[in-house]
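Just below is one structure, and these are the notes that go with it.
In the text below, chain A, chain B and the rest are named by the order of the sequence lines, each starting its count at 1.
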Protein chains: 2
Amino acid sequence: MLKKEIQTEQKILEAARKVFQRSGIGGARMQEIADEAEINKASLHYYYRSKEKLFQTVFQEDFHQFMIPQFKIMRDPSLSLEERIRTFITSYSETMVENLHLPLFILHEISRNPDRLVYLVKGKMGMIADEDNVSEIQIPTAFARQIREGINRGDYHEVDPEQYIISLISMCVFPFAGRPMVKFFFNKDDEQYREFMQKRQDEIIDYAFRILLKGYQPGKSVASKGKG
Amino acid sequence: MLKKEIQTEQKILEAARKVFQRSGIGGARMQEIADEAEINKASLHYYYRSKEKLFQTVFQEDFHQFMIPQFKIMRDPSLSLEERIRTFITSYSETMVENLHLPLFILHEISRNPDRLVYLVKGKMGMIADEDNVSEIQIPTAFARQIREGINRGDYHEVDPEQYIISLISMCVFPFAGRPMVKFFFNKDDEQYREFMQKRQDEIIDYAFRILLKGYQPGKSVASKGKG
DNA sequence: TGTTGAATTAACCATTCAGTCAAACTATCT
DNA sequence: AGATAGTTTGACTGAATGGTTAATTCAACA
C-alpha cells in the first residue's frame with residue numbers, strides 16, 4: 001500500500017517533468033500528464049491537489065538540479081580557482097547533456113515569474129554554504145571577488161569578473177537553449193549534436209583560460225586534476 | 001478609410017507583439033491583445049482570421065529582426081573577418097538591448113516548433129545573399145570556413161570554428177534570456193542591468209579576440225572602423 | 001469472511017477562450 | 001438623402017480543460 005503510493009507518486013513526478021519541460025506550465029495538460037503516468041486524471045488530482053502544486057514540486061527539483069552542483073563548485077575551498085573554472089564548465093555541460101530540455105524550461109519559467117527566484121533560492125538552497133557567512137545568494141559575488149583578487153595579484157588579465165562569470169555560463173548553457181538553431185544552421189542530427197556538445201566542454205575550458213590566464217598555452221595547460 | 005485600416009493593423013501588430021513576447025502563443029489571450037490595441041475582440045478576428053495567423057505574422061517579423069542583421073554582417077565582403085566579429089557582437093547586443101524580451105521569445109517558440117525554422121529561413125531571408133551561390137542557410141558554415149582558413153594561414157589560434165561562432169552568439173544572447181537570474185545573483189536593478197549589458201559589448205569583443213587572435217593585446221587592438 | 005481506509009475511476013461541472021454572426025455604425029459617392 | 005462597402009460591436013457557440021464527486025475496487029487485517 002505504502003509502496004504503491006510512493007511508486008505512483010514517483011511515476012507522476014517523472015511524467016509531469018517530461019510534460020512540463022516539453023510544454024511549460026501553460027501548455028501542459030493534466031490529462032497528458034495522467035496518460036504519460038498511466039493513471040486516471042482524477043488520481044492525479046488525488047496525489048497533487050492542483051496543477052500549480054504539481055508544477056511547483058517539479059520545478060523546484062529541476063531548478064536545484066540546474067543550480068546546486070554549480071554553486072557547490074563555485075565555492076569549493078578544496079579547489080584552486082582554475083580548477084573550479086574547469087570543474088564548473090564540465091559539471092554544467094554534463095548536467096545539460098543529460099537533460100536537454102532543462103535550460104530553456106528553467107529560463108522560460110523564471111522569466112514568466114521572476115519572483116519565484118526568491119523562495120527557490122532561499123527555500124532549499126540553504127543546504128549548501130552557511131559554514132561561514134557567505135549566503136548562497138552571494139556565491140557568485142564571492143566568486144567574482146576571488147577573480148578580482150587574482151587580477152590584483154597580477155595573475156590574471158584585466159577582465160570584469162561578473163562579465164566573465166556570465167560568459168562562462170553563457171557558453172555552457174546557451175547552446176542547449178538554442179539547440180534547434182544549432183542543429184539547423186550547422187546541419188546536425190541528434191547524434192551529431194550530442195557529440196558536438198560533448199566535445200564542446202574542452203573547447204570552452206580552453207576559451208575560459210585564454211581569456212583569463214596570462215601566458216596560457218593550451219599545451220602546457222593548467223592542472224586537470226589535483227591541486228594547482 | 002484605407003488610412004484607418006493600416007493604422008489599426010499596425011496597432012494590432014504592436015499589441016500582439018507585446019503580448020506574445022510577454023506570454024508566448026499559449027499564454028497570450030486574444031482578448032488581452034484586443035484590449036492592448038484598444039479594439040474589440042471581433043475586430044481582431046476581422047483583421048487576422050486566427051490567433052495562429054496573427055502569431056505567425058508577428059513571429060516572422062521578430063525572427064528576422066533577430067537574425068537578418070547578424071547574417072548580413074557575417075557575410076559582408078567589405079569587412080575583414082576581425083571587423084565582422086566586432087560588428088557582429090555590437091549589432092547583436094544592440095538589437096537585444098532594444099528588445100529585451102526578443103531572445104527568450106524566439107528561443108522558446110522555435111524550440112516548441114522547430115519545423116518553423118525551415119520556412120522562416122527559406123521564406124523571407126532570401127532578401128540577403130543569393131548574389132553568389134551561398135544560400136542564407138549556409139552563411140554560418142561559410143563564416144566558419146573563413147575562420148578555418150585563417151587558422152590554416154597561421155593567423156588564428158586553433159579553435160573549432162563552429163564552437164567559436166556559437167560561443168560568440170552565446171555570450172551576446174544568453175544574458176538577455178537569463179536576465180532575471182543575472183539581475184538576481186548580481187543584485188542589479190533594471191538600470192544597472194542595462195548599463196551592465198551596455199558595457200558588456202566591449203568586454204565580449206575583447207574575449208572574442210583573446211580567444212582567436214595570436215598575439216592579441218587589448219591595447220593595440222584591431223581596427224575598430226575601416227578595413228583591416 | 002466482513003470491515004475499514006486508501007486508491008481508482010467514469011461521469012460530471014464550471015470556466016475559459018478562440019472564433020462566429022448578425023445587427024449597427026460610418027464614411028464615401030451619387 | 002439613399003445606396004454601398006468597409007468597419008465595429010455585443011452576444012453567442014462549441015470545444016477544451018482544470019477540478020470535483022460519488023460510486024467502486026482493492027489490500028490488509030481482525
Side-chain angles (χ1 to χ4, degrees), chain A residues 1-62 101 105 108-109 112-113 115-116, chain B residues 1-62 101 105 108-109 112-113 115-116:
Chain A
M1 187 127 291
L2 192 69
K3 202 171 173 184
K4 192 169 196 176
E5 190 186 303
I6 287 175
Q7 179 183 319
T8 308
E9 229 164 289
Q10 208 51 43
K11 261 203 315 194
I12 289 176
L13 283 182
E14 276 167 39
R17 170 160 300 115
K18 194 185 281 187
V19 174
F20 279 138
Q21 285 193 9
R22 192 166 58 219
S23 315
I25 190 179
R29 301 286 159 248
M30 290 302 265
Q31 186 59 60
E32 203 185 344
I33 294 173
D35 291 349
E36 184 78 41
E38 293 174 300
I39 57 163
N40 187 285
K41 181 161 73 83
S43 284
L44 191 55
H45 281 92
Y46 176 77
Y47 284 96
Y48 293 91
R49 197 164 296 271
S50 71
K51 191 183 182 182
E52 180 63 28
K53 193 79 186 43
L54 177 56
F55 177 78
Q56 276 183 18
T57 308
V58 167
F59 186 65
Q60 195 155 79
E61 280 185 19
D62 281 354
H101 292 284
F105 176 58
H108 188 251
E109 295 303 335
R112 259 176 42 87
N113 190 352
D115 293 340
R116 273 199 243 274
Chain B
M1 187 127 289
L2 190 69
K3 202 168 172 184
K4 192 171 195 175
E5 189 185 305
I6 288 175
Q7 179 183 316
T8 308
E9 230 163 287
Q10 207 53 42
K11 258 201 318 192
I12 289 176
L13 284 182
E14 275 168 41
R17 170 159 300 115
K18 194 185 283 188
V19 175
F20 279 137
Q21 286 193 7
R22 191 168 57 218
S23 315
I25 189 179
R29 300 287 158 247
M30 290 301 265
Q31 186 59 60
E32 202 185 346
I33 295 173
D35 291 349
E36 184 78 43
E38 292 173 300
I39 57 164
N40 188 285
K41 182 162 74 81
S43 285
L44 191 56
H45 281 93
Y46 175 78
Y47 282 97
Y48 293 90
R49 198 163 296 269
S50 71
K51 190 184 183 182
E52 180 63 28
K53 192 81 186 41
L54 177 57
F55 177 77
Q56 277 184 17
T57 308
V58 168
F59 187 65
Q60 194 154 81
E61 281 185 19
D62 281 353
H101 292 284
F105 176 58
H108 188 251
E109 295 303 334
R112 259 176 42 86
N113 189 352
D115 294 341
R116 273 200 241 274

Interatomic distance where [atom1] belongs to [X] and [atom2] belongs to [N] [whole Å]:
X        : N       : atom1 : atom2 : answer
Lys53(B) : dT20(C) : NZ    : C1'   : 19 Å
Phe55(B) : dA18(C) : CZ    : P     : 14 Å
Tyr48(A) : dA7(C)  : OH    : P     : 13 Å
Tyr46(B) : dG10(D) : OH    : P     : 17 Å
Glu9(A)  : dA6(C)  : CD    : P     : 14 Å
His45(B) : dT20(C) : NE2   : P     : 7 Å
Gln31(B) : dA18(C) : CD    : P     : 9 Å
Met30(A) : dT20(D) : CE    : P     : 10 Å

Discussion item. Are more than 12 heavy atoms, taken from residues, nucleotides or ligands other than Glu52(A), located less than 6.0 Å from that residue's CD atom?
Written reply: yes
Worksheet item: Do other residues, nucleotides or ligands put more than 12 heavy atoms under 6.0 Å from Lys11(B) NZ?
Response: yes
Worksheet item: Does OP1 or OP2 of dT8(D) have a side-chain N or O of Tyr47(B) closer than 4.0 Å?
Response: yes
Worksheet item: Do any side-chain nitrogens or oxygens of Arg29(B) fall under 4.0 Å of OP1 or OP2 in dA18(C)?
Response: yes
Fill in: Donor-acceptor pair between Gln56(A) and Gln60(A) side chains, under 3.5 angstrom
no
Item to complete: Verify the distance criterion only: is there a donor paired with an acceptor across the side chains of Glu109(A) and Asn113(A) at less than 3.5 Å?
Response: no
[X] side-chain proximity, nearest of [options]:
X        : options                  : value
Ser50(A) : dT7(D), dG19(D), dT20(C) : dG19(D)
Lys51(A) : dG19(C), dA6(C), dG18(D) : dG18(D)
Ser43(A) : dG19(C), dT8(D), dT9(C)  : dT9(C)

For nucleotides 10-15 of chain C, print each protein N/O atom paired with a nucleotide N/O atom at under 3.5 Å, atom names and distance only.
{"residue": "dA10(C)", "atom": "OP2", "partner": "Asn40(A)", "partner atom": "ND2", "Å": "3.2"}

Item to complete: Please round to the nearest 0.5 Å and tell me the distance separating atom CD1 of Ile39(A) and atom OH of Tyr47(A).
Response: 7.5 Å
Fill in: Heavy-atom pair with the smallest gap, counting every atom of Ala16(A) and Val58(A)
CB-CG2, 3.8 Å
Item to complete: Under 4.0 Å between any heavy atoms, over every strand shown, what does Ala34(B) touch: base, sugar-phosphate, or nothing? Just pick one.
Response: nothing
Item to complete: Examine Tyr48(B) together with Phe55(B) and report whether their ring centres are nearer than 6.0 Å.
Response: no
